[in-house]
Amino acid sequence: MSNTNSQGGNAASQSKIINLYLLIGSVVILLMMVFGVLMLLAQGKLIDVDPGFFYEILTVHGTGMVGASALAASAIMWYFLSKYVQLNKGILIANFIFFIVGVVLVLVGIFAFDFAGAWTFLYPLPAISGGGWGLTGAALYLIGMLLIGIGFLLLYLETARGIIKQYGSLGGGLGWSIVFGRKKGYGPPAAVVASTMVSIVNITALVAGASVIVMSLINLFIPSIKIDPLLAKNLTYAFGHIFANSVIYMGVIAVYEILAMYTKRPWKANRPFLIAWNLSTIFTIIIYPHHLLMDFALPKWMIIMGQALSYANGLPVLVVTAYGALMIVYRSGIKWDIGSSFIFLSMFGWVIGVVPAIVDATIVINHVMHNTKWVPGHFHMYMGLGATAMLFGFMYYLAKVNGKEKAGNVDYISFWVYVMFFLGLCGSFLFSGKVSAPRRWAEHFPEWIAFDRIGAVFGTFVILAVLTFVIRFIGFTKSFDGKIDHKFEERIDPSSHA
Ligand code: HEM
Ligand SMILES: [Cu+2]
């Protein structure tokens, strides 16, 4: 298998853009965490926040977290995929510009024009705010989201194009010849398999998202042109569910590549691995109806599919990845540092986060738990301890391969603070759910407040830990000279070892 090495040619300038993605991504995540703690302080009645402003913060936190982690995770995907596939750097830059311009519009829409319809902008909420915000706020927010979406769409079209060129088709990228038994051995490198899956699901997600945003915008300006609300909700959650999920599927590429490098063992894409990724490609796209379990107007078969397959959604990939991670590390003599610890931790964050998610995806339980803080409880677990752990791990890894890692005690302490206190934060959310605190409420009853306050304390420590990671990464980007430490980079090509 040919191996396009990104270290040659204009690799250094590409690395600079990758660094920029991670820098912006992690700084935004840090800022959004501050907003997260503000929400908990407000719900816990420790500060006085106008409810309208609370919902603005909720909107910016949800939008910002999903957007920023997707930006940083797409940098992981691009970085590793470009070792195997020729990609056009211009698209990476274009996406970044779309992102920044979109974010500015979104922020102006929220903070200057009071848009507070949450990151899911569910139709017809943007147009009918009950006086909460006007047309301008909603339009700025939606146009901003559309621009961000277009940027990402370009990026995934480019990764899909590169994969098709190198591996013949997207089926080639997913290792179909092995899956269907036409060939024996191993499929393309794990990074390519994951990137193919993500390209497919996110192109689907972004097209669905863009169409509902355009329809919402038309409705905003010409209210007589209406959308079928159930169709709008389907498109919105197809977009939201898939796009948010894809962050983990991009991040996990760092697990495959980095563990392979640290253990000097290849991560082989064997048949079970390929089958798992093929199944998750389909499931991720079709299970979004688990967000519509309460919509009785939805055809029953869709609801049943949403429930039944939700159990299976991430599970195949999670199992082959967790198992593979244990196997590759076992007796490898791996040296644990911050980067590899984060990467290994992220597996467990993902595993434990999926458990309460599966519970919630059960229709009977969902009728009780849905719209309680149980839901943010489970997704904060796999986003915070899974996805963002992958991002921070990759950031430390980059410093390491460039021979610029300066991690000391502060970093190790911060690592453990992050793990323990983020767990605590998620626990406080799950407990809030248990005492029936609804999600997305600015005002909490006295019975719920204790958990909000505990959460605020946990969140504050999480912020301090992340501050360390971000400061460390800023230090690295400042000293970045594009020189790779080849001793470390000397890696096993996953495709060359049968
Ligand atoms: C210090 C860390 C964090 C704190 C304190 C925090 C806090 C919060 C709070 C209080 C809510 C609203 C819960 C409610 O419905 O009442 C929330 C919602 C949310 N958070 Fe976080 N969060 C943190 C980290 C993260 C991370 C790392 C992500 C993803 C990468 C994330 C993504 C979200 C999303 C998507 C929502 C849902 C917004 C909505 O309901 O529209 N958060 N968070
Ligand atoms: Cu979902």
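Start at 1 and go down the list; that is how both ligands and their atoms are numbered.
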Pairing donors with acceptors under 3.5 angstrom, does anything connect the side chains of N202 and S246? yes
What is the closest protein heavy atom to atom 12 (C) of ligand 1, and at what distance does it sit? L58 CD1, 3.6 Å
Near atom 21 (Fe) of ligand 1 (cut-off under 2.8 Å), count of protein N, O or S atoms: 2
How would you list all residue pairs meeting salt bridge (charged side-chain N to carboxylate O under 4.0 Å, His left out) that involve residues 433-450, not counting sequence neighbours? K45-E443
Whether over 12 other heavy atoms sit under 6.0 Å from F111 CZ: yes
Side chain to side chain donor-acceptor pair (under 3.5 Å) contacts touching residues 340-355 (sequence neighbours left out): D337-S340
For ligand 1, which atoms have a heavy atom of L40 less than 4.0 angstrom away? 5 (C), 10 (C)
Identify the protein heavy atom lying closest to atom 13 (C) of ligand 1, giving its residue, its atom name and the separation to 0.1 Å. K373 CE, 3.8 Å
One pair to check against ring-ring contact (aromatic ring centres under 6.0 Å, His included): F115 and Y55. What are the steps and the verdict? CA-CA 9 Å; F115 179 77; Y55 293 113; over 10 Å; no
Closest to atom 16 (O) of ligand 1 among protein heavy atoms sits Q43 NE2, 2.8 Å
Only one of L423, L40, L425, V37 forms a side chain to side chain contact (heavy atoms under 4.5 Å, CB included) with F458, so which one is it? L425
Protein heavy-atom partner closest to atom 39 (C) of ligand 1 - residue, atom, separation in Å: R440 NE, 3.2 Å
Output the list of atoms in ligand 1 that are nearer than 4.0 Å to some heavy atom of F429, sorted by atom number. 7 (C), 8 (C), 9 (C), 10 (C)
Report the nearest protein non-hydrogen atom to atom 3 (C) of ligand 1: residue, atom name, distance rounded to 0.1 Å. L425 CD2, 3.7 Å
Residue W336 excluded, over 12 heavy atoms near CH2 under 6.0 Å: yes
Closer than 4.0 Å to some heavy atom of R439 - which atoms of ligand 1 meet that? 15 (O), 37 (C), 39 (C), 40 (O)
Keeping the roles fixed (side chain from Y21, backbone from L92), state whether a donor-acceptor pair exists under 3.5 Å. yes
Hydrogens and angles aside, do T388 and Y418 bring a side-chain donor and acceptor to less than 3.5 Å of each other? yes
Got more than 12 heavy atoms from elsewhere within 6.0 Å of CG, D228? yes
Under-2.8 Å neighbours of the Cu ion (ligand 2), protein N/O/S atoms only: 3
Indicate the ring-plane relationship of Y396 and F342, choosing parallel, tilted or perpendicular according to the 30° and 60° boundaries. parallel
For W119, counting its heavy atoms only, list the atoms of ligand 1 lying under 4.0 Å from any of them. 41 (O)
A quick test of your reading: do over 12 heavy atoms of other residues, nucleotides or ligands sit less than 6.0 Å from OH of Y412? yes
With a 4.0 Å cut-off on heavy atoms, is F379 touching ligand 1? yes
Heavy-atom contacts under 4.0 Å between T59 and ligand 1: side chain, backbone, both, or neither? neither
If you measure only the distance, is there a donor-acceptor pair under 3.5 Å linking the side chains of T236 and T120? no
Pair K373 + D452, salt bridge at N-O below 4.0 Å: yes
Check whether any side-chain heavy atom of L58 sits under 4.5 Å from a side-chain heavy atom of W119, and report yes or no. no
Using a strict 4.0 Å cut-off to heavy atoms of V37, name the atoms of ligand 1 that fall inside it. 5 (C)
